[in-house]
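All values below were derived from every heavy atom in this structure, side-chain atoms included, with hydrogens, water molecules and symmetry-related copies excluded. Not measured: the values here are computed from a predicted model. The sequence lines fix the lettering, A, B, ..., with proteins before strands; numbering per chain opens at 1.
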Amino acid sequence: MRRLTDVGALREAYDLVIVGAGPAGMAAAVEAAGQDRAVLVLDENPGPGGQIYRAIGTAPLRDPRVLGAAYWEGAALADAFAAAEVDYLPGATVWHLDDALEIGVSAGARSAVLPARRVILATGALERPMPLRGWTLPGVMSVGAGQALLKAQGIAPTGRVVLAGCGPLLWLYAAQCIAAGAAPSLILETTPRANWRGALRHLPAFLATPYARKGLALMARVRRHLRVVPHVAALAIDAEDGALRVTWAEGTAFTADHVLLHQGVVPTLNLARAAGCAIAWDEGNACFAPVTDAWGTASLPGIAVAGDGAGIAGAEAAALRGRLTALEALRALGVLDEAGRDARAAPHRAALARWSRGRAFLDALYRPAPHFCAAPPDAMACRCEEVTGAALRDAARMGATGPNQLKAFLRCGMGPCQGRMCGPTITETIAQERGIHPREVGYMRLRTPAKPITLGEFAALRKTEADRRAVERR
Amino acid sequence: MFRRLPEPPARRIGFSLDGVAVQGAEGDTVAAALLALGRTACRETAVSGAPRGPYCMMGVCFDCLVVIDGLGNRQGCLVPLREGMVVETQHGRRDAAR
């Protein structure tokens, strides 16, 4: 891979642009490389790996037992990516994509706009927001944030640490902290007891997978080291004498130095939506996801979505889905015919089927409780614009029935994070208030710029004579 | 508080935080260095002035916004720490003119 340091080093145009260098993006790049087509990988982080393999190659915790085998397995893919004949620009934020496949990218406070013939969005997932009273207080962060610190910097929270929520990542992070000698104090587990009803029928398929045994062993290890409170149905955090008081049932509270929240992950929708790709409700993952076909192709020609960004399935599946989107891109770019594409895809499809087994059980079991997805009146729903659950509910009752109307009423979703931290919450809160399914509420409109850039950077973009003529008065 | 786990210590990186000379470590982002220094809040919100600190550490939440080398609204979790950097707490709108 040719590592670029600024947008000035980019070519004028690329055959294939891949956004994201996690498992899906790296695998897509590896698959598409070496075919005499210009391939570019843009990624926001300082190094490849995405979230799951964050800082692979530079992680300071060298004892492989701490982060675990599933993390270190990413090294092989990162090595293959490093050897692939592609351009790679780290520290690059893609702020624009449209149906003409023009890409706006910023790096080092300079932007460029360049055309692509195919685009693969491998922008991954983000943690589903968990809007509680007090979740904006300093000292409260997501479990994913804690894990990012552990992987990239070898930093762990100390003192009284509470993990609250549900999902495999919460247990994995607890186990990693224990292995690092920094065990948390308490887990407040929010999986509703009733989830077992829906999950049970998927249990046999899950038990036949290799990760069932690993997962159960990991949970047992965690339980030996710290207290786990199951079926927590209410949660709130208050600042108290420089600490955080976590309350989870009437009169039951714990004073903590850190609270880390998590309730699963959802696809990052911003770029796909800003480009105009269709999304649809995914009942299995309980979230909206881009509409894609078996090759990851989205509703707009030339754009594909790979990995968890197209629906949550995990790192191994993400890499395989990255390869499939790359093979379809190679077909569209005239490198492969359909038969050649299908032949190369066959082993990846077989592996994908293997990795998808047991997923339905995890989805059903760790489906977050609806009352933790909607914002209670006293919680901040939109963290950027500081819009509370009460404000959302009042506006919904007054007739602002959808996320776009709520934006106009309250500015929720219009701050710098562009709805990343509140989009799901707003949909769920409206659904709860109106007594309808989130699918019927829909998701807020997302537009360019998908991430904020300065006006100066925008104004400094290279302009053609036609651009100038389009806005100049004569 | 946070602690760096006992590993071979990374090379120290000197930078300035609100005018005070401090140190982070190689491999830190600005947000990670601030947390390791015990700074759980790094900005005040534009609307109410409430203190905030990094929430997601992956470029999503914009709660780690800081002023870096004079430029505001930088996502501290995405910017690698460099020797001699000048980092400042980002104040809310009501203090922007000062």
Sort out for me which of [options] touches chain A most, counting heavy-atom pairs under 4.5 Å.
options                            : answer
B/Cys77, B/Pro80, B/Gly53, B/Pro51 : B/Pro51
B/Cys56, B/Ala41, B/Gly59          : B/Cys56
B/Glu26, B/Arg3, B/Met57           : B/Arg3
B/Met58, B/Gln75, B/Arg74          : B/Met58

Selection from A/Ala156, A/Gly91, A/Pro452, A/Cys422 maximising heavy-atom pairs under 4.5 Å formed with chain B
A/Ala156
Return the option, out of A/His258, A/Glu386, A/Met141, A/Met421, with the maximum number of heavy-atom pairs under 4.5 Å with chain B.
A/Glu386
Side chain to side chain, A/Ile155 and B/Leu35, heavy atoms closer than 4.5 Å:
no
How about A/Leu150 and B/Leu5: do any of their side-chain heavy atoms sit closer than 4.5 Å?
yes
Would you mind checking which part of B/Asp63 comes under 4.5 Å of any heavy atom in chain A, side chain (CB onward), backbone (N, CA, C, O), both or neither?
side chain
Between A/Leu149 and B/Ala32 the two heavy atoms that sit nearest each other are CD2-CB, 3.7 Å
Of all the heavy-atom pairs spanning B/Gly27 and A/Gln153, show the shortest one and how long it is.
O-NE2, 3.0 Å
Could you give me the CA-CA distance, side-chain angles and deciding distance for A/Asp257 and B/Met1, then say whether side chain to side chain contact (heavy atoms under 4.5 Å, CB included) is met?
CA-CA 7 Å; A/Asp257 300 294; B/Met1 291 295 283; over 6 Å; no
Taking salt bridge (charged side-chain N to carboxylate O under 4.0 Å, His left out) as the definition, give me every residue that meets it alongside A/Arg54, ordered by chain and number, with sequence neighbours left out.
none
Would you mind checking which part of [X] comes under 4.5 Å of any heavy atom in chain B, side chain (CB onward), backbone (N, CA, C, O), both or neither?
X        : result
A/Ala182 : both
A/Thr136 : both
A/Glu44  : both
A/Gln147 : neither

Would you say B/Arg52's side chain and A/Arg383's backbone share a donor-acceptor pair under 3.5 angstrom?
yes
Measuring from A/Leu260:CG to B/Tyr55:OH, what's the distance to the nearest 0.5 Å?
8.5 Å
